[in-house]
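Got a structure for you, written out below as structure tokens; questions coming shortly.
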Amino acid sequence: MVWCMAHGDEHSSQPPGEIQPLFRATAQDDESVAQMVALLDYQDALPSARRLHDWAIETAGVQPGEHVVDLGSGTGTMSLQLASLVAPVPSAGTPAGQVLGIEPNPHLRAVAVSRATAAGVSNVSFVEGFAGALPFDDSTIDFVWCERVLQHLADPQSAINDIARVLRPGGRAALLDSDYGTRIVSHLDPDLAGAFSRASLGPIANPYAARHIPAQIHAAGLELEPDVGSSAFVFSSEMLLRTHVLSRDADDAVESGGLTREVADAAVRVVHDAAERGLAFATITVFGFVVRKSEA
């Protein structure tokens with residue numbers, strides 16, 4: 001189960017018969033789409049997410065007039081924020097900056113377009129696209145935002161290489177992603193929590209994404225800023241109960257053969273009992289990396 005949802009699950013494919021992740025580019029049914037939107041909105045509103053976003057934007061130095069790509073734009077929350085940052089400053093005569101959201105799921109794109117229209121934001125648009133195959137010429141983009149996408153990719157190196165390709169000399173990118181080795185679930189014995197976590201990772205193509213990003217940045221020929229950001233995304237008791245994330249984890253763990261149904265269901269009951277009293281929580285840490293393309 002994907003707790004730390006991408007802003008658009010890129011094209012990670014799975015063989016027939018394997019457990020399908022809740023968050024996928026091909027999701028069409030109303031229930032799956034509604035849960036995707038609800039979780040994205042919840043995570044985007046987290047104070048911890050906002051702090052990490054603010055750090056990444058400040059470190060990258062996003063400026064008016066720049067051309068920006070939001071890779072895996074989901075419902076468009078970050079696209080709209082970035083659009084406000086690159087909007088022209090009338091008194092300075094700055095040209096209009098533009099943001100293009102890349103999102104493979106048509107239902108999430110429709111939500112993003114609707115929200116941009118309602119907000120009256122005209123310098124943002126949303127198109128279908130995938131990580132590793134960005135629809136831009138070489139060296140044409142000032143800034144790429146890529147949040148919680150790499151965890152879904154079987155070949156994240158190709159995605160980072162493609163980001164390097166489209167960045168202009170001096171261009172920057174913010175790569176924000178999770179590492180499921182940092183996941184904590186309250187009220188579970190640590191050994192059981194670890195087994196529960198490992199057994200439910202089957203649907204995730206790249207569950208330890210964050211720890212590999214610095215080496216992948218280096219391999220792509222990009223320069224990593226020395227300051228690495230991090231923030232714990234916390235699921236409250238209310239959110240654990242409302243989204244049934246642990247129940248889906250239990251199903252994945254049993255389906256993968258990692259846990260018996262009896263053990264998995266007992267673990268869910270322990271956490272849900274605590275959540276009913278407002279005492280349970282679950283967390284995963286998201287790490288932030290800001291990179292630059294050499295001017296040379």
Side-chain angles (χ1 to χ4, degrees), residues 1-10 12 21-24 34-59 70-82 108 145-153 156 174-188 190 193-194 196-198 200-201 203-213 227-249 252 271-272 274-275 278-290:
M1 169 64 186
V2 180
W3 288 10
C4 192
M5 182 183 168
H7 277 195
D9 180 1
E10 297 298 308
S12 56
L22 173 62
F23 309 113
R24 57 192 189 275
Q35 192 167 22
M36 290 166 73
V37 172
L39 281 174
L40 279 171
D41 286 347
Y42 175 81
Q43 292 176 343
D44 285 337
L46 288 172
S48 55
R50 291 173 180 260
R51 288 192 294 269
L52 188 60
H53 293 168
D54 290 346
W55 166 86
I57 288 169
E58 181 180 358
T59 303
D70 182 5
L71 176 55
S73 51
T75 59
T77 299
M78 279 308 303
S79 297
L80 295 182
Q81 182 175 347
L82 291 165
L108 295 182
W145 183 273
C146 179
E147 182 179 357
R148 291 173 277 153
V149 169
L150 300 175
Q151 62 181 285
H152 297 286
L153 302 180
L175 309 178
L176 280 60
D177 228 300
S178 57
D179 189 309
Y180 278 75
T182 67
R183 188 163 66 170
I184 294 172
V185 181
S186 70
H187 294 81
L188 287 184
F196 193 90
S197 177
R198 288 189 297 273
S200 63
L201 293 181
I204 306 172
N206 185 24
Y208 306 109
R211 69 184 65 183
H212 303 300
I213 290 175
D227 185 22
V228 174
S230 66
S231 194
F233 284 26
V234 180
F235 273 68
S236 65
S237 290
E238 177 188 2
M239 202 62 180
L240 287 173
L241 293 172
R242 182 151 65 92
T243 60
H244 306 291
V245 291
L246 287 177
S247 296
R248 288 188 61 95
D249 269 0
D252 291 347
V271 179
H272 279 187
L279 303 178
F281 69 94
T283 74
I284 188 169
T285 301
V286 177
F287 297 85
F289 306 88
V290 173

For this session: Could you tell me whether the side chain of S236 and the main chain of M239 form a donor-acceptor pair under 3.5 Å?
Result: yes
Exercise. Which residues pass the ring-ring contact (aromatic ring centres under 6.0 Å, His included) test with Y42, sequence neighbours left out?
Worked result: F235
Problem set entry | side-chain hydrogen bond (donor to acceptor under 3.5 Å, both in side chains) partners for S231, two or more places apart | none
For this session: Give every residue pair that meets the salt bridge (Lys or Arg N to Asp or Glu O under 4.0 Å) criterion with at least one member in residues 228-246, sequence neighbours excluded.
Result: none
Exercise. Under a 4.5 Å cut-off applied to non-hydrogen side-chain atoms, are R148 and L175 in contact?
Worked result: no
Problem set entry | L176 versus H53, closest heavy-atom pair with distance | CD2-CD2, 3.9 Å
For this session: Ignoring hydrogens and angles, state whether a donor on the side chain of Q35 or H244 is under 3.5 Å from an acceptor on the partner side chain.
Result: no
Exercise. Can you name the nearest heavy-atom pair linking A49 to F233, along with the distance?
Worked result: CB-CZ, 3.5 Å
For this session: Return the minimal non-hydrogen interatomic distance between S237 and A280, and the atom names on each side.
Result: OG-O, 2.6 Å
For this session: Please round to the nearest 0.5 Å and tell me the distance separating atom NE2 of H152 and atom CG of N206.
Result: 10.0 Å
Problem set entry | Charged N-O contact under 4.0 Å between D249 and R198 | no
For this session: Tell me, please, which residues at least two apart from L188 pass side chain to side chain contact (heavy atoms under 4.5 Å, CB included).
Result: V185, L192, A193, A267, V270, V271
Exercise. So, the side chain of T182 versus the backbone of T285: is there a donor-acceptor pair under 3.5 Å, distance only?
Worked result: yes
Problem set entry | side-chain hydrogen bond (donor to acceptor under 3.5 Å, both in side chains) involving R211 - partner list, sequence neighbours excluded | D179
For this session: Quick one: closest heavy-atom pair of F287 and A210, and the distance?
Result: CD1-CB, 3.5 Å
For this session: Show the numbers, then the answer: is there a side-chain contact (heavy atoms from CB on, under 4.5 Å) between D44 and Q81?
Result: CA-CA 11 Å; D44 285 337; Q81 182 175 347; over 6 Å; no
Exercise. OG1/T77 to CG/D41 distance, rounded to the nearest 0.5 angstrom?
Worked result: 5.5 Å
Exercise. Do we see a donor-acceptor contact under 3.5 Å between the side chains of D177 and Q151?
Worked result: yes
Problem set entry | Contact check, side chains of E147 and D70, non-hydrogen atoms, under 4.5 Å | no
For this session: Using the test side chain to side chain contact (heavy atoms under 4.5 Å, CB included), find all partners of S197 that sit at least two apart in sequence or belong to another chain.
Result: R183
Problem set entry | L108 side chain near M36 side chain, heavy-atom distance below 4.5 Å | yes
Problem set entry | Nearest atoms (heavy-atom pairs only) where A56 meets V290 | O-CG2, 4.0 Å
